[in-house]
Undergrad: 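So that we are looking at the same thing, I have put the structure below in structure tokens.
None of these values were measured; they are calculated from a predicted model.
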Amino acid sequence: MNAPTDVTAPSDIDLGDPEFWKLPASDRAEAFAALRRLERPAVFTDRTTGRPFHALVRHADVVAASRTPEVFISGPGVTTPEPAGWVRLLFGDSMVNLDDPRHADLRRVVSRAFTPRLISRVEDSIQEIATRLVDEVVAQRPEEFVSAVAAELPYQVICTMMGIPEPQRRQILALINHASEHTGVARSRIRVPGRGLRALARMQVVIAALGRERRRRPTDDLISALVTADVDGRHLNSRELGAFFSLLLVAGVETTRNALAHGLHLLTVHPEQRALLTDDFETHLPTAVEEVVRYSTPIIQFRRTLAVDHELNGAHLAKGDKVVLFFGSANRDEAVFTDPETFDITRSPNPHLGFGGGGPHFCLGAYLARQEMKTLYRELFTRLPEIRSVGEPELIPSNFDHRVKSLRFTY
């Protein structure tokens, strides 16, 4: 790989240093604002890989890279570090790590499985699960919002949509927790090597078994649709089904649970915005959801690799160079958003990149996430009008996702 042409960033800013991601949110926001003022993307060195990368921090640059997939490819891997070849061979390729034509092939199969009938059933299940969760809050009075509500809603919706039997849902959830417990930049000192991969492997065994069962005896669920679909003679095999389910758990559960938790806290510390919402749900609920996603930006970054030499915003990018798309910075770009540090549920237009910058990798579950957030917020603030967070959310320092570990709440 040719070394990128260096652009000097302020000496106290280093996006490649894990310690940067432990700084207070206000300090990181100031750092990204400084980077957006540079003439062209700055270059940093990733401390975990030793490889340089261009930091795309402006809205226009993130959109341009997202919508030029033939230049900015995902295939080597969109996370840092890139998934090892043997891991991809064993567990299958996630759609986020694929380029066309393989990406288009898989996405077509998945998209065809979301029939109008399935979508209608999912919408009904979102309302049923949200109602049940609020019933449980009233009856049990839990004090921690993430485990009691924010994580439960998207997880139960995904399991219902996929057709995961109730007895297996707790087992899969435990495996998910084991697989993701060492993410982020603040890791525990004691680690069990391979524990996360073993948990992921066990989870995929469970999903593969369900896939085989649904091929023999299809039911009215997403697993059945995916493994029996006939899209140009194509359906998902066991490894593809396992990889897709793993993606759903991150893209469909982790991100939505974090957005839900951030949203409750934001509407607590901005009471004037909360009053606007509760006074007129019909008008403000859709835009409130968009603003929560913009302001919290559940996925902080994805990476791309240059397939060819390319010029972007004054920077020469050589074939093989790495770029990182910082969605959180793009969502605070002063060139696009008026008063970007202000939380405003009436913001319109709101061209945030919380679901991606467009192009073929735009979030497949954006509609689902929006429905879950709208349904739960309506249920919570209608039935528990005094619900609010208590104190600050406990965050897990991470350069990948804006993860809320816990959030105390009351009503």
Side-chain angles (χ1 to χ4, degrees), residues 122-158 160 252-298 331 339 341-348 350 352 354-355 365-395 402-411:
V122 169
E123 290 174 343
D124 290 342
S125 75
I126 291 172
Q127 182 61 62
E128 292 169 3
I129 294 167
T131 300
R132 174 171 57 79
L133 288 174
V134 177
D135 288 344
E136 292 174 357
V137 168
V138 172
Q140 301 170 12
R141 300 194 68 88
E143 297 181 352
E144 202 285 298
F145 185 71
V146 175
S147 58
V149 182
E152 277 293 303
L153 176 66
Y155 179 67
Q156 294 298 337
V157 168
I158 292 295
T160 300
V253 176
E254 290 288 324
T255 56
T256 305
R257 85 163 196 176
N258 292 328
L260 287 168
H262 282 295
L264 175 62
H265 184 64
L266 287 168
L267 290 165
T268 298
V269 298
H270 296 91
E272 75 291 349
Q273 298 296 306
R274 178 198 184 104
L276 277 175
L277 175 62
T278 55
D279 285 349
D280 189 348
F281 279 111
E282 295 306 317
T283 298
H284 297 305
L285 191 53
T287 53
V289 164
E290 300 303 318
E291 181 68 348
V292 167
V293 174
R294 180 195 75 88
Y295 201 90
S296 64
T297 311
N331 281 343
D339 298 324
E341 298 299 326
T342 298
F343 178 68
D344 177 9
I345 69 167
T346 68
R347 187 181 296 277
S348 181
N350 190 353
H352 68 79
F355 295 116
Y367 173 80
L368 179 64
R370 288 172 168 132
Q371 288 298 109
E372 289 173 331
M373 293 177 70
K374 287 189 289 188
T375 302
L376 182 64
Y377 286 150
R378 184 190 294 274
E379 195 75 12
L380 284 173
F381 291 118
T382 299
R383 295 179 57 189
L384 305 174
E386 299 301 316
I387 189 171
R388 60 195 182 278
S389 62
V390 176
E392 293 294 315
E394 181 183 358
L395 304 179
H402 198 185
R403 181 175 299 192
V404 182
K405 181 178 181 179
S406 65
L407 178 68
R408 294 180 60 234
F409 80 117
T410 188
Y411 65 90

Undergrad: Does Glu143 have more than 12 heavy atoms from other residues, nucleotides or ligands lying within 6.0 Å of its CD?
TA: no
Undergrad: Might you point out which heavy atoms bring Leu384 and Val134 nearest each other, and give the distance in Å?
TA: CD1-CG1, 4.1 Å
Undergrad: Using only atom types and a distance under 3.5 Å, with no angle test, would you say the side chain of Arg388 pairs donor to acceptor with the backbone of Thr268?
TA: no
Undergrad: Given Phe281 and Thr382, is the side-chain contact (heavy atoms from CB on, under 4.5 Å) satisfied, shown in steps?
TA: CA-CA 9 Å; Phe281 279 111; Thr382 299; 3.6 Å; yes
Undergrad: Using only heavy-atom distances, determine whether the side chains of Glu152 and Gln156 contain a donor-acceptor pair under 3.5 Å.
TA: yes
Undergrad: Between Thr297 (side chain only) and Arg294 (backbone N and O only), is there a donor and an acceptor less than 3.5 Å apart?
TA: yes
Undergrad: Please round to the nearest 0.5 Å and tell me the distance separating atom CG of Asn350 and atom CG of Asp344.
TA: 9.0 Å
Undergrad: How far apart are the closest heavy atoms of His265 and Gly391, and which atoms are they?
TA: CE1-O, 3.3 Å
Undergrad: Check Leu285, Leu277, Leu376 against Phe381 for a side chain to side chain contact (heavy atoms under 4.5 Å, CB included) and give me the one that passes.
TA: Leu277
Undergrad: Between Arg347 and Glu290, is there a salt bridge with N-O shorter than 4.0 Å?
TA: no
Undergrad: Under 3.5 Å, side chain of Tyr411 to main-chain N/O of Arg141, donor-acceptor pair present?
TA: no
Undergrad: Evaluate the side-chain contact (heavy atoms from CB on, under 4.5 Å) criterion for residues Val146 and Lys405: first the C-alpha distance (whole Å), next the side-chain angles of each, then the deciding distance (0.1 Å), finally the verdict.
TA: CA-CA 7 Å; Val146 175; Lys405 181 178 181 179; over 6 Å; no
Undergrad: Supply the atom-to-atom distance Tyr155 OH to Glu254 CD, rounded to the nearest 0.5 angstrom.
TA: 11.5 Å
Undergrad: Over all heavy atoms of both residues, which pair between Ala259 and Ser296 is shortest? Give the atoms and the distance, please.
TA: CA-OG, 4.3 Å
Undergrad: Taking only Lys NZ, Arg NE, NH1 and NH2, and the carboxylate oxygens of Asp or Glu, determine whether Glu282 and Arg378 approach each other closer than 4.0 Å.
TA: yes
Undergrad: Any idea which heavy atoms bring Gly252 and Thr256 closest together, and the distance?
TA: O-OG1, 3.3 Å
Undergrad: Return the minimal non-hydrogen interatomic distance between Leu153 and Ile126, and the atom names on each side.
TA: CD1-O, 4.1 Å
Undergrad: Is the count of non-hydrogen atoms from other residues, nucleotides or ligands lying under 6.0 Å from Glu386 atom CD greater than 12?
TA: no
Undergrad: May I have the step-by-step check of side-chain contact (heavy atoms from CB on, under 4.5 Å) for Val293 and Met373, ending in yes or no?
TA: CA-CA 10 Å; Val293 174; Met373 293 177 70; 4.0 Å; yes
Undergrad: First locate atom OG1 of Thr278, then atom CG of Leu267, and finally report the distance between them rounded to the nearest 0.5 Å.
TA: 9.0 Å
Undergrad: Could you grab the distance from atom OG1 of Thr375 to atom CD of Gln127, nearest 0.5 Å is fine?
TA: 5.5 Å
Undergrad: Let's go through Arg132 and Glu128 carefully: what are the C-alpha distance in whole Å and the side-chain angles of both, what is the deciding distance for salt bridge (charged side-chain N to carboxylate O under 4.0 Å, His left out) to 0.1 Å, and is it a yes or a no?
TA: CA-CA 6 Å; Arg132 174 171 57 79; Glu128 292 169 3; over 6 Å; no
Undergrad: Anything under 30° is parallel, anything over 60° is perpendicular, the rest tilted; go ahead and classify Phe145 against Phe409.
TA: perpendicular
Undergrad: Can you tell whether the side chains of Arg408 and Glu394 come within less than 4.0 Å, N to carboxylate O?
TA: no
Undergrad: If I take atom CG from residue Asp279 and atom NE2 from residue His284, how far apart are they, to the nearest 0.5 angstrom?
TA: 8.0 Å
Undergrad: Between Thr131 and Arg383, is a side-chain contact (heavy atoms from CB on, under 4.5 Å) present by the stated rule, with each step listed?
TA: CA-CA 10 Å; Thr131 300; Arg383 295 179 57 189; 3.9 Å; yes
Undergrad: Using the six-membered ring wherever Trp is involved, compare the ring planes of His402 and His262 and label them parallel, tilted or perpendicular (cut-offs 30° and 60°).
TA: tilted
Undergrad: Please check if the side chain of His270 supplies one atom and the backbone of Leu266 the other of a donor-acceptor pair under 3.5 Å.
TA: yes
Undergrad: Can you name the closest pair of heavy atoms from Tyr377 and Leu264 and give their distance?
TA: OH-N, 3.9 Å
